[in-house]
Amino acid sequence: MNKDQLAVNCIRMLAAESVEKAGSGHPGLPMGGAAIGWTLWSQFLRHFPNDSYWPDRDRFVLSAGHGSALLYALLHIFGYDVSIEDLQQFRQWGSKTPGHPEFGHTDGVETTTGPLGQGFANAVGMAIAEQRLAAEFNRPGFELINHHTYVYMGDGCMMEGITAEAASLAGHLQLGKLIALYDDNQITIDGSTDLSFSEDVGGRYRACGWQVLTVCSGNDTVALAEALHAARANLNQPSLIIVRTQIGYGSPGKQGSAAAHGAPLGAEELARTREYLAWEYPPFTVPEPVTELVEARKQNLTRQYKEWLKLLSRYFDKFPEEAARWRRWHQGDVPAQLATDLASLVFDAPEATRASSARALAVAAEHMPNLCGGSADLNVSTLTYLDGKGDFTATNRRGNNIFFGIREHAMAAICNGLSLHGGLRAFCATFLTFADYLKPALRLSALMRQPVIYVFTHDSIGVGEDGPTHQPVEQLAMLRSIPNLHVLRPADGRETALAWQLAAERRDGPTALILSRQKLPPLVGTGPAVARGAYVLGERPQQADILLLASGSELQLAVAARDRLATEGIVAQVVSMVCQELFALQEDSYRQQVLPPDVPRLGIEAAHPMAWGQLLGPGDICMGLEEFGASAPGPEVMERLGFTTDNIVALAKELVKQIG
């Protein structure tokens with residue numbers, strides 16, 4: 001067999017052997033798609049294994065993340081920090097080769113994938129980022145940014161709604177450097193795709209503005225190369241290459257069937273596969289002819305990388321102002337002046353925190369010119385349009401405003417792609433109740449430690465007339481349950497400005513800003529300690545009779561209740577609980593100052609009380625909401641569902657009486 005075929009079979013065997021040794025995994029996709037991976041990586045993909053974060057590398061996204069053994073085999077063969085020993089530790093504790101690819105965990109992995117369709121939408125974000133950065137920095141003769149984004153997807157990715165959302169936007173934006181390789185093996189876990197999937201995929205993508213190409217056999221490397229050349233030649237449309245493959249190719253007893261999808265081949269079938277593929281090498285072997293092919297390719301890649309470094313050096317010499325901006329954008333530094341300017345904002349009248357957020361966002365956008373994003377068709381309500389920053393469109397790549405359309409799920413995943421690409425800071429916005437629509441992507445922001453900023457407005461039953469469909473109840477508890485997500489619910493303009501500062505400065509994970517539709521009064525003493533998650537509002541009494549803990553719009557009720565209780569000789573300490581996650585990170589001494597032990601606590605929040613358990617003890621009360629709202633003016637809904645100063649005072653007196 002020729003060297004290319006030997007390389008393809010090497011990928012098949014490394015994947016099958018990794019799964020076999022692990023005792024679990026998905027050999028079918030890597031075996032069926034090995035020729036796709038090899039053709040792309042050996043002839044087209046522009047990357048440099050010695051510098052995994054080269055800014056102008058092509059991006060390769062394995063959206064069908066269950067086929068991770070394919071990616072790990074390619075990373076090993078091409079010299080990334082993935083050894084044979086790592087392949088042998090596939091899916092084991094602490095290994096570099098987890099069951100699904102994880103960004104930041106394995107060298108060369110561009111994004112965390114596995115939840116189907118997420119990687120595809122990430123790739124759309126990466127393609128947008130490439131175009132935005134190219135428009136910002138490229139100059140005649142100095143194309144610092146000029147690369148492609150390739151995404152490998154399967155039938156499962158194609159069925160997911162997020163893929164349809166992202167594909168529609170990609171076609172609309174004419175992202176010509178986005179190329180999707182669709183491994184159409186027509187098999188899912190349950191069996192043939194005929195059970196649930198019979199649409200004209202090519203017709204759908206053509207209707208969305210994509211160029212559609214077809215390769216009849218996933219083993220035909222010549223046809224694959226021709227299709228990739230055609231895709232790269234079309235810069236006006238994203239390209240979908242539909243490749244007909246056979247899942248588990250090379251396994252005589254399982255290829256073409258669901259049996260090859262998600263379980264090891266088994267020792268006997270693996271032996272038959274070795275015979276079928278004429279594979280005479282020991283387990284976990286990369287034959288020398290394959291290594292020779294790779295080394296020749298790597299020499300070419302090294303030349304391209306060094307040429308780019310020289311280009312970058314000349315660019316920095318010729319364009320010092322642009323060079324300084326390049327460094328700032330790619331280092332992600334936030335200027336100290338941002339905090340100063342946010343602190344200088346004046347909040348002296350009642351204002352919805354979504355409106356306060358709009359003012360803070362405008363300041364942030366001036367200091368962070370690489371801040372890009374938008375809303376799911378809600379700019380007029382979320383107030384997240386960046387005035388004067390331009391719109392990113394098919395004909396204008398210099399804009400920072402992205403119109404995602406009514407596509408919440410794709411919006412969040414695209415923002416992950418923007419962030420992962422590097423050079424940009426991403427944000428997105430919608431109503432809090434629609435956080436449900438984008439939660440899987442937000443969860444991946446947290447898992448990948450990406451500093452995406454989520455702006456959620458219309459934060460409670462105070463939304464009013466739109467009714468229970470638009471009045472979030474359980475969403476705050478859901479968001480707070482996600483590890484590494486900071487959820488900030490500010491009570492007034494000053495807290496909102498500081499929340500934006502924290503979101504902008506955060507580098508190791510996402511932030512959710514929870515904002516009101518209704519106007520909230522500026523409160524005395526808010527602001528200074530927002531960074532600590534919670535703080536005592538006003539003077540701390542020497543001995544409090546009760547603690548009133550509240551966030552957002554309910555903090556004003558707690559303040560009014562404190563003042564009423566004082567007239568009855570009851571000392572209440574009000575705590576602004578802006579961010580439970582930040583408060584949990586504080587030292588014990590500070591936490592005890594804010595929440596002194598042995599003092600009864602009353603939590604107040606117009607949302608499900610589930611997340612308050614860690615702050616309240618036996619006998620404490622959480623004044624929350626365990627039912628849906630209703631359509632009526634916001635103040636009336638709040639009152640009828642019990643969120644009044646009178647109720648807080650009554651509950652506080654009851655708690656004090658019980659302790660006394």
Side-chain angles (χ1 to χ4, degrees), residues 350 352-353 432 459-462 472-473 476-477 479-480 487-496 498-499 513-516 518-530 532-541 544-566 570-584 591 594-596 599-617 620-625 634-635 638-639 641-656:
T353 52
L432 177 57
D459 73 336
S460 74
I461 54 173
V473 173
L476 267 174
L479 292 173
R480 288 173 178 149
V487 182
L488 288 88
R489 188 172 184 242
D492 66 3
R494 282 185 292 273
E495 285 196 348
T496 303
L498 287 167
L513 304 179
I514 314 299
L515 307 170
S516 74
Q518 71 272 31
K519 292 183 178 181
L520 304 180
L523 300 173
V524 176
T526 51
V530 166
R532 307 201 76 167
Y535 61 97
V536 176
L537 189 63
E539 293 186 9
R540 181 182 295 112
D545 297 313
I546 189 168
L547 306 180
L548 304 179
L549 288 59
S551 76
S553 54
E554 290 73 71
L555 189 64
Q556 60 175 313
L557 301 178
V559 170
R562 177 193 63 191
D563 296 343
R564 282 262 302 277
L565 289 167
I570 297 174
V571 179
Q573 176 170 298
V574 172
V575 175
S576 177
M577 189 58 63
V578 189
C579 179
Q580 294 185 11
E581 297 77 26
L582 285 173
F583 184 61
R591 288 168 53 84
V594 175
L595 301 179
V599 180
R601 302 172 185 180
L602 173 58
I604 309 159
E605 190 172 65
H608 198 284
M610 185 184 302
W612 285 78
Q614 62 185 336
L615 297 168
L616 305 177
D620 292 336
I621 297 175
C622 185
M623 184 178 173
L625 194 63
M638 293 286 281
E639 180 178 358
L641 290 177
F643 289 91
T644 66
T645 302
D646 287 345
N647 275 351
I648 295 173
V649 169
L651 285 171
K653 290 167 69 173
E654 180 183 333
L655 266 176
V656 172

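- The structure places CG of L616 at 9.5 Å from CD1 of I621, a figure rounded to the nearest 0.5 Å.
- With hydrogens and angles disregarded, no donor-acceptor distance shorter than 3.5 Å links the side chain of T644 to the backbone of E639.
- Across P522 and P350, no two heavy atoms sit closer than the pair CD-N, 3.8 Å.
- Taken to the nearest 0.5 Å, the CG atom of D459 stands 7.0 Å off from the CG atom of L476.
- The shortest distance between side-chain heavy atoms of P635 and Q518 does not fall below 4.5 Å.
- For the pair P600 and L547, the minimum side-chain heavy-atom distance is 4.5 Å or more.
- Under the 4.5 Å side-chain criterion, counting only non-hydrogen atoms from C-beta, Y535 is in contact with V578.
- Contact detail for P609 and C622: the closest heavy-atom pair is CB-SG, 3.4 Å.
- A donor-acceptor contact shorter than 3.5 Å links the side chain of N647 to the backbone of G642.
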Exercise. Please test E495 against T526 for side chain to side chain donor-acceptor pair (under 3.5 Å), starting from the C-alpha separation and ending with a verdict.
Key: CA-CA 6 Å; E495 285 196 348; T526 51; 5.5 Å; no
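- For R564, the salt bridge (charged side-chain N to carboxylate O under 4.0 Å, His left out) partners at least two apart in sequence or on another chain are D646.
- Between D492 and P521, the closest side-chain pair of non-hydrogen atoms is not below 4.5 Å.
- Residue V559 forms a side chain to side chain contact (heavy atoms under 4.5 Å, CB included) with just one option from V524, L537, T645, and that option is L537.
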Quiz item: Taking it one step at a time, do L625 and F643 satisfy side chain to side chain contact (heavy atoms under 4.5 Å, CB included)?
Solution: CA-CA 9 Å; L625 194 63; F643 289 91; 4.0 Å; yes
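- Using modelled atom types, no side-chain atom of Q573 and backbone atom of V536 make a donor-acceptor pair closer than 3.5 Å.
- Taken from CG in L432 to CG in L479, the straight-line distance is 6.0 Å, to the nearest 0.5 Å.
- Separation of atoms CG (L513) and OG1 (T353) is listed at 9.5 Å; rounding is to 0.5 Å.
- The shortest non-hydrogen separation linking D620 to G617 is OD2-N, 2.7 Å.
- Here the closest non-hydrogen pair linking S553 and Q556 is O-CG, 3.0 Å.
- Put simply, CE on M577 and CZ on F583 are 5.0 Å apart, with the number rounded to the nearest 0.5 Å.
- Only one option out of E581, M610, Q614 pairs with R480 in a side chain to side chain contact (heavy atoms under 4.5 Å, CB included); it is E581.
- Taking OG1 of T496 as the start and CD1 of I514 as the end, the distance is 11.5 Å to the nearest 0.5 Å.
- The heavy-atom pair separating A558 from L548 by the smallest distance is O-CD1, 3.6 Å.
- Summarising the geometry of R601 relative to L595, their closest heavy-atom pair is NH2-O, 3.2 Å, with the distance given to 0.1 Å.
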Quiz item: After noting the C-alpha distance and the side-chain angles of R489 and E605, does the key distance pass the side chain to side chain contact (heavy atoms under 4.5 Å, CB included) rule?
Solution: CA-CA 10 Å; R489 188 172 184 242; E605 190 172 65; 3.5 Å; yes
